[in-house]
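If you read the sequence from its start, that first residue is 1, and numbering goes on from there.
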Amino acid sequence: MVFQGSSAAISHTGKVRANNQDSGYAGSNLFVVADGMGGHAGGDVASSLAIGRLTELDQPFRSPTDAEHAIRDALAETATELIDTVGRRPELAGMGTTVSALVMVDDYAVIGHIGDSRIYLYRDDTLTQITADHTFVQRLVDSGRITPEEARYHPRRSVLMRVLGDMDPDPEVDSFIMPTQDGDRWLLCSDGLSGVVDDDHTAKTLALGMPPARTADALLKQALDGGAPDNVTVVLVDVGGQHPVFIGTPTVVGSASNPSGVVVPAARTGRGGWLHHARQVANEPTHFEPAAEFLEELIEEDRRRARRRRFGWLAALLIVLAGIGFGLFAGYNWTQTRYYVGADENSVVIYHGIQQSIGPLTLSTVYEDTDVALDELSEFDRQTVETTISAGSLADAQSIVDRLRPDQEASG
């Protein structure tokens, strides 16, 4: 059965890169996002070849299982084609692509996935990431060594552990079947979107209920507003909806929309100057797939980063504690330059410090218990002494005591 719903696909170079290595496809039953890697030319070719091979699946399938087998076979054939292409064009060595594909079969969504492009499902006001990223940082998240938020900014967040490339003729692909229903919104996107726009903002945009094309435009705008350091590709699929399309014209976007399929335009030369430096980022691969022996080195590097991070936090804590300690020490020393006149049980006393306490710590001590008895003072003076009299120095405190002596009053 031909899928009943509506869809849209959009792709943009972004604000940093000089060419678009992403490809996207939205057809009658098939929807795909592929994010190429391998330098200026290789990524374009890899994602275009993947889309070209997978479009053969844009047809009704007898069962979801048949579609799942077809996806796995098509991705294996794509890997073989990449290897053959590099054999003919050695300058493309190292190219590869992620693939996230969705085939609608009756009331089921059949998914094939490799890499870090993503498939989301928005259902009942909840956005769920359906695919798992095949990245180094995702392994760190899965093992509890870093949080998902830390993964968003990890320096190795683009290191892919699985990808369709020119080295492995038998790629490890995730594939599964999920039931779908009217009202579902399926979002396929490259990491140019998911790496810039967080899930909360994506969910809010999907919740607006705009048609797929307007929703895709809104998501792209958010990525561009966020800087769009990478290519951005969005494919949005609504199941059912207000305007279902029974037979849709396929939409191809990104590098796969190039009619020749593999011919890539020359890199744009950055224009240098004293205000604007030549930009070279676009000629670098968007992802990096490590060799197997490099994995341990990456893990060890992450351990070193974790140790440095812990040391940094410890050093910062020690600095804060030292600052607090110095402040307390300086404050205590200041209190010991002060004096006041008060009373004990029956006499006037000069105290060293201030009449305050910090928990069990008293900030004053008896400096001198004078020979002036409280019962020798007038009622007013006794009440004044009992409520304490502040003195700026020891001499001031002694002067206050002298004025309180009864013989001083008599002589006055």
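Y340 and S364 form a side-chain donor-acceptor contact under 3.5 Å, judged by distance and modelled atom types alone. No hydrogens or angles considered: a donor-acceptor pair under 3.5 Å links the side chains of D142 and Q138. No hydrogens or angles considered: a donor-acceptor pair under 3.5 Å links the side chains of N19 and D44. For T85 and D166, the side-chain atoms include no donor-acceptor pair closer than 3.5 Å. H69 and D66 form no side-chain donor-acceptor contact under 3.5 Å, judged by distance and modelled atom types alone. A donor-acceptor pair shorter than 3.5 Å can be found between the side chains of R72 and S175. Between the side chains of D35 and S117, no donor-acceptor pair is found at a separation under 3.5 Å. Side-chain polar atoms of S190 and D22 form a donor-acceptor pair below 3.5 angstrom. Neither side chain, S47 nor Q21, offers a donor N or O lying under 3.5 Å from an acceptor on the other.
Proximity of L188 to V234: side-chain heavy atoms (C-beta onward) are nowhere separated by under 4.5 Å. Counting only heavy atoms from C-beta outward, the side chains of V163 and M37 approach each other to under 4.5 Å. Within the 4.5 Å cutoff, the side chain of D174 has no heavy atoms near those of the T131 side chain. Inter-residue side-chain proximity for V239 and W186 is flagged as met; some heavy-atom pair is nearer than 4.5 Å. Side-chain atoms of E172 and I114, non-hydrogen and from C-beta on, never get closer than 4.5 Å to each other. Counting heavy atoms from C-beta on, the side chains of D106 and F61 never come closer than 4.5 Å. The closest side-chain heavy-atom distance from L54 to L75 is below 4.5 Å. The shortest side-chain heavy-atom distance between L102 and L30 does not fall under the 4.5 Å cut-off.
Q222 contributes no side-chain N or O that, together with a main-chain N or O of L219, makes up a donor-acceptor pair within less than 3.5 Å. Distance alone, capped at 3.5 Å, places no donor-acceptor pair between the E368 side chain and the T370 backbone. In this structure, the side chain of R185 does not engage the main chain of L236 through any donor-acceptor pair within 3.5 Å. No donor-acceptor pair closer than 3.5 Å links the side chain of R338 to the backbone N or O of S393. Judged purely by atom type and a 3.5 angstrom limit, H12 has no side-chain atom pairing as donor or acceptor with the backbone of T233. Remark: side-chain polar atoms of T97 are not paired, donor with acceptor, to backbone N or O of A46 under 3.5 angstrom. Judged purely by atom type and a 3.5 angstrom limit, T80 uses its side chain to pair as donor or acceptor with the backbone of A76. Of the possible donor and acceptor atoms, one in the side chain of T384 sits under 3.5 Å from a partner among the backbone N and O of F380. The closest donor-acceptor contact from the side chain of H201 to the backbone of A203 lies at 3.5 Å or more, if one exists at all. Within the 3.5 Å criterion, the main-chain N or O of D200 finds a donor-acceptor partner in the side chain of D198.
With respect to the salt-bridge test (charged N to carboxylate O, under 4.0 angstrom), the residues D217 and K221 do not qualify. Ion pair D191/R118 not flagged as a salt bridge, since none of the NZ, NE, NH1 or NH2 atoms sits closer than 4.0 Å to an Asp/Glu carboxylate oxygen. R162 and D168 are not joined by a salt bridge, as no carboxylate oxygen comes within less than 4.0 angstrom of a charged side-chain nitrogen.
Aromatic pair Y339/Y367: ring centres closer than 6.0 Å.
Between H154 and F136, the ring planes lie perpendicular to each other; the angle is over 60°, past the 30° to 60° tilted range.
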> Can E386 and R382 be said to form a side chain to side chain contact (heavy atoms under 4.5 Å, CB included), step by step?
Replying inline: CA-CA 6 Å; E386 289 176 343; R382 186 173 63 230; 3.7 Å; yes
> Please walk me through it: do S347 and D369 pass side-chain hydrogen bond (donor to acceptor under 3.5 Å, both in side chains)?
Replying inline: CA-CA 7 Å; S347 63; D369 191 344; 2.6 Å; yes
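Enclosure of atom CZ in R152 by more than 12 non-hydrogen atoms of other residues, nucleotides or ligands within 6.0 angstrom is indicated.
The heavy-atom pair separating L92 from V86 by the smallest distance is O-CG2, 3.8 Å.
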